[in-house]
Amino acid sequence: MKLIFEKSKPGVGCSVLPPCDVPDAPLSPQAARKTPLRLPSLDENQISRHYSALAKRVFGVNDGFYPLGSCTMKYNPKINEELADLPGFTGVHPLQPEHTLEGCLKVLDLAAQYLCEIAGMDAMNFQPAAGAHGEFTGLLLFKAYHQNRGDTARTKIIVPDSAHGTNPASAVMAGFSVVNVPSGPDGCVDLETLKAAVGPDTAALMLTNPNTAGIFDPNILEITRIVHDAGGLTYYDGANLNAVMGIVRPGDMGFDVIHFNLHKSFSTPHGGGGPGSGVIGCKSFLTPFLPLSGTCRAAALPSPEAGPSLSIGRVRAFRGNFLVIVKALAYLFSLGRENIPEVARNAVLNANYLMEKLRDKFPPAYPGPCMHEFVISLEKLKASHGVSALDVAKALQDRGMHPPTIYFPLIVHEALMVEPTETESKETLDEAAAAFLSIYRQIQEDRESLHAAPRNTVIGRPDEAKAARQPVLRYTAP
Ligand SMILES: *Cc1c(COP(=O)(O)O)cnc(C)c1O
């Protein structure tokens, strides 16, 4: 497909500006452009077709099943978009006087109350714009807490090897070093290894529970106790809350800080680079360190007394991505107290249903039951038939679905990480299982053809290393 610049023809256009009826006010020569602005010239029909053609090349939740593990690509009800589009929310400016923003401040307050209740935390801060940004902010709180107590030896963050890659990256960005602890054969944290890893240099542990293998760690209370006993703090990576929301609270598991990805579990679409929100929550002893703007406390807590600020400062302008928070609140209101746990139950049910339908031919890496996602290992199929996780993922694309996450978590060889989400019907799950099983037959009958998949997509097998290392992000005019 040609770029819009390549379709451009000089002189073609669709500008319909009326003649200017005020006198020209020429710019000074220093401020004026030396060369004309390079904009494509096309007629309206061509522009419309260009963008429609681009839209057809994309695969999203509106096109089909999208079980991308760890990403929670669920259907987001359109009503929440409409509510976030109300002029009272879109027409405000963060520098307006507070008394003219009362409705919006109430939204933040209510969202904080509910998120505190779901997380088992005492305060929320809305500034972080994404999950990794929330991690970074949470780790800065830990750093400020230890430093404020004069405990400067705590420089290490413990991260299990099943962690999302952002965890060690955020720890390094926040100035810590990372201690990687290997998981046990059951995919969970090995208690003896953890005991050996903690000490007077431990700043904190970062953990995802259920972890990226879709397993809820049965020793979670013991794990957070071991870290606290050693003087460390505990960070809950709550990017995906689908398995536990309304059922069990990270604060009750012994965690001090959590981040949510509102753009995964709470009704903001993601994957296209749009705005997100990595809201962080913390226990009350950490609230003095939160960014001053964008913080809301649970109803029971008084505001802090005025005094020298211990705040880590700002991590972003103003109070965060406000409209994302509106959508999260609309979503929570529409579900209500009784249906929030229902989301979690259905997410877990759907994952277990699909895992069991595939178990014989595509064995899970851990026996299960799983939580909101499960991981298949194709290690044996690769050894016996030479077919990789990548081949299966590409073959699924030919069958009209988005492939699962592949080669993650890193601790599972030839991993396919499947997260169906609660918004898919039994029919969709049955169709997905049928697609997987037809690939299994293709492996038995004609495995060579799999290496040529996909055949039905616009792009087949791009050079992924080159796309990541040498991305071409700008058009250079010839
Ligand atoms: C998605 C995800 C993150 C990072 O979130 P971003 O918004 O992409 O920065 C962190 N941890 C886990 C477990 C995730 O799934």
Side-chain angles (χ1 to χ4, degrees), residues 61 65-77 80 111 114-115 117-121 130-131 134 162-164 166 187 207-217 220 236-253 255 258-271 276-281 324 327-355 364 366 368-375 402 404-405 408-409 417-426 428-429 432:
V61 173
F65 189 41
Y66 204 137
L68 192 67
S70 194
C71 290
T72 315
M73 300 297 286
K74 64 187 188 182
Y75 176 75
N76 299 295
N80 300 330
Y114 292 128
L115 293 175
E117 187 170 343
I118 289 172
M121 295 288 166
S162 64
H164 195 269
T166 49
L207 202 69
T208 313
N209 188 39
N211 64 19
T212 57
I215 302 167
F216 190 96
D217 203 309
I220 192 64
Y236 184 92
D237 177 344
N240 322 83
L241 227 70
N242 256 31
V244 296
M245 58 163 92
I247 294 191
V248 60
R249 310 193 315 165
D252 298 338
M253 296 180 207
F255 287 94
I258 176 180
H259 82 264
F260 292 94
N261 275 26
L262 298 187
H263 50 290
K264 282 179 184 167
S265 312
F266 293 92
S267 196
T268 280
H270 65 110
S277 173
V279 181
I280 62 164
V324 178
K327 281 184 257 186
L329 183 63
Y331 179 67
L332 291 171
F333 271 155
S334 61
L335 288 171
R337 187 83 185 75
E338 58 290 354
N339 287 316
I340 292 170
E342 202 55 23
V343 167
R345 286 192 200 103
N346 285 330
V348 172
L349 179 64
N350 278 0
N352 278 286
Y353 179 75
L354 191 54
M355 182 173 81
Y366 304 99
C370 64
M371 299 303 284
H372 61 301
E373 60 196 3
F374 61 96
V375 181
H402 195 285
T405 299
F408 182 76
M417 182 185 195
V418 188
E419 181 183 5
T421 82
E422 78 285 0
T423 55
E424 298 300 338
S425 64
K426 178 170 177 295
T428 305
L429 300 179

ask   = Are the side chains of Pro364 and Met355 in touch, meaning some heavy atoms are under 4.5 Å apart?
value = yes

request  = Compare every heavy atom of Met417 with every heavy atom of Phe408, then report the nearest pair and how far apart it is.
outcome  = O-CB, 3.5 Å

query = Where is the tightest heavy-atom contact between Pro250 and Ile258, given as atom of each residue plus distance?
reply = CG-CD1, 3.8 Å

key: With sequence neighbours excluded, residues passing side chain to side chain contact (heavy atoms under 4.5 Å, CB included) with Asp217   = Cys188, Val189, Asn209, Asn219, Ile223

query = Between OG of Ser425 and OH of Tyr75, what distance do you get to the nearest 0.5 Å?
reply = 13.5 Å

query = Do Leu349 and Glu422 pass the side-chain contact (heavy atoms from CB on, under 4.5 Å) test, and can you show the C-alpha distance, the side-chain angles, and the key distance before you say yes or no?
reply = CA-CA 8 Å; Leu349 179 64; Glu422 78 285 0; over 6 Å; no

query = Is any side-chain heavy atom of Asn240 closer than 4.5 Å to a side-chain heavy atom of Phe260?
reply = no

inquiry  = Set out, in order, the CA-CA distance, both residues' side-chain angles and the distance that settles side-chain contact (heavy atoms from CB on, under 4.5 Å) for Val343 and Leu335, then state yes or no.
reply    = CA-CA 9 Å; Val343 167; Leu335 288 171; 3.8 Å; yes

request  = Mind listing the closest non-hydrogen atom pair of Val348 and Cys370 along with its distance?
outcome  = CG1-O, 3.7 Å

query = Can you find a heavy atom in the side chain of Leu241 that is under 4.5 Å from one in the side chain of Thr72?
reply = no

key: Set of residues satisfying ring-ring contact (aromatic ring centres under 6.0 Å, His included) with respect to His259, sequence neighbours excluded   = Tyr235

ask   = Should Glu373 and Val418 be marked as a side-chain contact (heavy atoms from CB on, under 4.5 Å) after you check the CA-CA gap, both sets of side-chain angles, and the distance that decides it?
value = CA-CA 6 Å; Glu373 60 196 3; Val418 188; over 6 Å; no

Close side-chain approach of Pro269 and Val61, heavy atoms under 4.5 Å = no

Donor-acceptor contact below 3.5 Å, side chain Lys327 vs main chain Phe266 = no

Any residue meeting ring-ring contact (aromatic ring centres under 6.0 Å, His included) with Tyr353, in chain and number order, not counting sequence neighbours = none

From Leu332 atom CG to Glu117 atom CD, the distance as rounded to the nearest 0.5 Å = 10.5 Å

Rounded distance (nearest 0.5 Å) linking atom CG of Asp252 with atom CD1 of Ile220 = 12.0 Å

ask   = Glu342 and Arg337: salt bridge (charged side-chain N to carboxylate O under 4.0 Å, His left out), yes or no, with the steps?
value = CA-CA 10 Å; Glu342 202 55 23; Arg337 187 83 185 75; over 6 Å; no

inquiry  = What's the separation between atom CD1 in Ile340 and atom CZ in Arg345, rounded to the nearest 0.5 Å?
reply    = 11.5 Å

request  = Check Met371 against Phe216 and note the closest heavy-atom contact, atom names and distance.
outcome  = CG-N, 3.9 Å

ask   = Which value, rounded to the nearest 0.5 Å, describes the distance between Thr212 atom OG1 and His164 atom NE2?
value = 8.5 Å

note = Minimal heavy-atom distance between Pro420 and Ala351, with the atoms involved, is CG-CA, 3.7 Å

Heavy-atom side-chain proximity of Pro77 to Ser334 below 4.5 angstrom = no

request  = Check ring-ring contact (aromatic ring centres under 6.0 Å, His included) between His402 and all other residues, then give those that pass, not counting sequence neighbours.
outcome  = Phe59, Tyr66

ask   = ring-ring contact (aromatic ring centres under 6.0 Å, His included) with Tyr114: which residues, sequence neighbours excluded?
value = Phe333

query = So, for Ala213 and Val375, which heavy atoms are closest and what is the spacing to 0.1 Å?
reply = CA-CG2, 3.7 Å

key: His372 vs Thr421 side-chain heavy atoms within contact, under 4.5 Å   = no

task = List for me each residue that meets salt bridge (Lys or Arg N to Asp or Glu O under 4.0 Å) alongside Lys264, sequence neighbours excluded, and say none if there are none.
result = none

request  = Flag the pair Met121 / Phe255 as yes when at least one side-chain heavy-atom distance between them is below 4.5 Å, and no otherwise.
outcome  = yes

task = Flag the pair Thr423 / Asn76 as yes when at least one side-chain heavy-atom distance between them is below 4.5 Å, and no otherwise.
result = no

query = Can you tell me how far the CG atom of Leu68 sits from the NE2 atom of His270, to the nearest 0.5 Å?
reply = 8.0 Å

